[in-house]
Undergrad: 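Can you keep this structure in mind? I'll have questions shortly.
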Amino acid sequence: MNYHDAELKKILLNQYSNIFEDELIDEIIKVGYLKSIKNGELLIDVGDYLTHIPLILKGVVKIMRQDKAGEEIALYYLEAGDTCAISFANCLNRKQSIFMGIAEADIEAVFIPVEKVDDWLVKYKTWRHFIIDSYHFRLIEMVDSIDSLAFMRMEERIWKYLSHKVKISNDFDLEITHQDIAQDLNSSRVVITRILKKLHDDGKIYSTRNRVKVLELLS
DNA sequence: ACATTAAGTGATT
DNA sequence: AATCACTTAATGT
């Protein structure tokens, strides 16, 4: 076992020892490879074929959709301890990805070949549960996104978006522009500016150029 | 000092 | 809630 494996094992044991059995963790170390991805880098694009699925150890991945005109909308986020089971189904059928994934922070992830992901489903109960759980969670988040799109006013959507950002970055100070938010919510910059101004005046946030500080959390 | 990028605003749809 | 057209403010070179 080289230095890298030892590091990896430490991280895995730390995050997964109460979910996975030791043999599974050993297997992950054997076949998976650790990869760091810089903030802002593209992990997967629409149309890509996938051969490995990532187990996120650190950072956040934003999963989004894109239409022909290049318009985007954020669907959900993968955090440490998450995997994208959706991409697993994609791998197995050798279908192209229908999503885009971008690193929202510096990422560390173990990439596991699909065949193994498949094997382990029958071999390890914990792994099976992990994957099914991931599927379930992703579904819940998607339904949540649909709800937002269909039923929520822009102000609520922004509020929810900001709260979520605070949660995943563990920081009330967000470095973000109105344009960024508009893109993620598939709205226009002007609309976001107006609503943020209102939230600012209401004392719920404090916003300056490139920065939004959330002052109170969603109850 | 100047150019570039982000944010604010009235009017219109 | 979106778009246009324009202003003002902050920041980089």
Side-chain angles (χ1 to χ4, degrees), chain A residues 35-48 54 56 58-80 82 84 86 96-109 136-219:
Chain A
K35 204 174 157 193
S36 305
I37 296 140
K38 291 258 168 52
N39 190 358
E41 273 185 58
L42 190 68
L43 272 101
I44 36 159
D45 201 352
V46 177
D48 282 358
I56 313 291
K58 205 178 112 211
V60 180
V61 182
K62 175 171 73 181
I63 304 293
M64 57 199 189
R65 277 240 78 189
Q66 207 180 30
D67 73 2
K68 319 104 210 152
E71 295 289 322
E72 297 169 355
I73 183 152
L75 291 176
Y76 55 80
Y77 295 82
L78 300 176
E79 301 165 51
D82 285 337
C84 195
I86 309 276
Q96 295 173 305
S97 172
I98 54 171
F99 298 140
M100 259 176 103
I102 283 192
E104 282 252 310
D106 290 347
I107 307 283
E108 296 226 344
H136 184 231
F137 207 69
R138 249 26 88 198
L139 180 64
I140 304 256
E141 284 185 288
M142 290 264 260
V143 168
D144 218 51
S145 283
I146 294 172
D147 280 349
S148 300
L149 275 168
F151 307 125
M152 285 166 72
R153 292 192 324 268
M154 205 57 209
E155 183 175 333
E156 293 179 85
R157 292 184 59 201
I158 292 179
W159 192 237
K160 198 173 132 198
Y161 174 86
L162 291 175
S163 306
H164 188 231
K165 279 274 186 191
V166 165
K167 209 163 56 186
I168 59 181
S169 64
N170 241 323
D171 194 348
F172 286 86
D173 257 306
L174 305 170
E175 210 181 303
I176 196 165
T177 67
H178 299 182
Q179 185 62 58
D180 291 337
I181 301 174
Q183 228 157 58
D184 280 345
L185 299 182
N186 191 35
S187 176
S188 67
R189 200 271 307 163
V190 194
V191 171
I192 303 297
T193 296
R194 288 209 163 102
I195 294 170
L196 284 184
K197 179 115 196 330
K198 183 178 173 293
L199 290 174
H200 180 99
D201 294 343
D202 288 351
K204 293 180 176 173
I205 62 169
Y206 183 82
S207 79
T208 50
R209 189 188 171 98
N210 290 321
R211 214 180 125 234
V212 173
K213 190 182 171 87
V214 176
L215 299 177
E216 56 180 74
L217 269 187
L218 217 49
S219 45

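Each chain gets a letter, A, B and so on, in the order its sequence line appears, and its residues count up from 1.
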Undergrad: Rounded to the nearest angstrom, tell me the gap between atom CG in Leu185(A) and atom P in dA2(C).
TA: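 Nearest whole value for this atom pair: 10 Å.
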Undergrad: Whole-Å distance between dA7(B) C1' and Ile192(A) CD1?
TA: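 Taking atom C1' of dA7(B) as the reference, CD1 of Ile192(A) is at 13 Å.
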Undergrad: Please state how far atom CD in Glu156(A) lies from atom P in dA1(C), giving the value in whole angstrom units.
TA: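 Whole-Å distance recorded here is 9 Å.
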Undergrad: Find the distance Glu175(A):CD to dA6(B):P and express it as a whole number of Å.
TA: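 So the CD-P distance, Glu175(A) to dA6(B), works out to 12 Å.
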Undergrad: For a quick test of reading the model: is some side-chain N or O of Ser187(A) closer than 4.0 Å to OP1 or OP2 of dA2(C)?
TA: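 For dA2(C), OP1 or OP2 has a side-chain N or O of Ser187(A) closer than 4.0 Å.
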Undergrad: Given side chain to side chain contact (heavy atoms under 4.5 Å, CB included), test Leu42(A) with Met100(A) step by step and report yes or no.
TA: CA-CA 8 Å; Leu42(A) 190 68; Met100(A) 259 176 103; 3.7 Å; yes
Undergrad: Quick one: Ile195(A) CD1 to dA1(C) C1', roughly how many Å, whole number?
TA: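 Taking CD1 of Ile195(A) and C1' of dA1(C), I get 8 Å after rounding.
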Undergrad: Please answer whether the main-chain N or O of Lys198(A) pairs with a side-chain N or O of Asp201(A) as donor and acceptor at a distance below 3.5 Å.
TA: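 Checked: no pair found.
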Undergrad: Tell me, yes or no, whether the heavy-atom count around Phe172(A) atom CZ, taken from other residues, nucleotides or ligands under 6.0 Å, exceeds 12.
TA: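 No, the 6.0 Å shell around CZ holds no more than 12 heavy atoms from other groups.
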Undergrad: Between dT9(B), dA2(C), dA6(B), which one does the side chain of Lys197(A) approach most closely?
TA: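 Looking only at side-chain atoms, Lys197(A) lies closest to dT9(B).
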Undergrad: Check every strand shown and say whether Ser188(A) touches a base, only sugar-phosphate, or nothing at a heavy-atom separation below 4.0 Å.
TA: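 Base contact - Ser188(A) has a heavy atom under 4.0 Å of at least one base atom.
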Undergrad: In this structure, how many angstroms lie between the P atom of dA6(B) and the NE2 atom of His200(A), rounded?
TA: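 After rounding, the reported distance stands at 19 Å.
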Undergrad: With a non-hydrogen cut-off below 4.0 angstrom, is Arg194(A) in contact with a base, only sugar-phosphate, or nothing?
TA: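 Since a base atom lies under 4.0 Å of Arg194(A), the category is base.
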Undergrad: Would you say that Leu196(A) contacts Leu162(A) through its side chain, given a criterion of any heavy-atom pair below 4.5 Å between the two side chains?
TA: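 Yes - at least one pair of side-chain heavy atoms lies under 4.5 Å apart.
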Undergrad: Could you check how far NE2 of His178(A) sits from P of dA9(C), rounded to whole Å?
TA: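 Answer to the nearest Å: 15 Å.
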Undergrad: One thing to verify: whether Asp106(A) and Lys58(A) come together as a salt bridge, which I'm taking to mean a side-chain N less than 4.0 angstrom from a carboxylate O.
TA: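 Salt bridge absent between Lys58(A) and Asp106(A).
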Undergrad: Leu196(A) CG to dT9(B) P: how many Å, rounded?
TA: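 Going from Leu196(A) (CG) to dT9(B) (P), I get 13 Å.
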Undergrad: Within the 4.0 Å heavy-atom criterion, would you say Ser207(A) contacts the bases, only the backbone, or no part of the nucleic acid?
TA: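 Since no nucleic acid heavy atom lies under 4.0 Å of Ser207(A), the category is nothing.
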Undergrad: When you measure only distances, ignoring hydrogens and angles, does the side chain of Arg209(A) come within 3.5 Å of the base of dT11(C) through a donor and an acceptor?
TA: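 It does not, because no donor-acceptor pair links the side chain of Arg209(A) to the base of dT11(C) below 3.5 Å.
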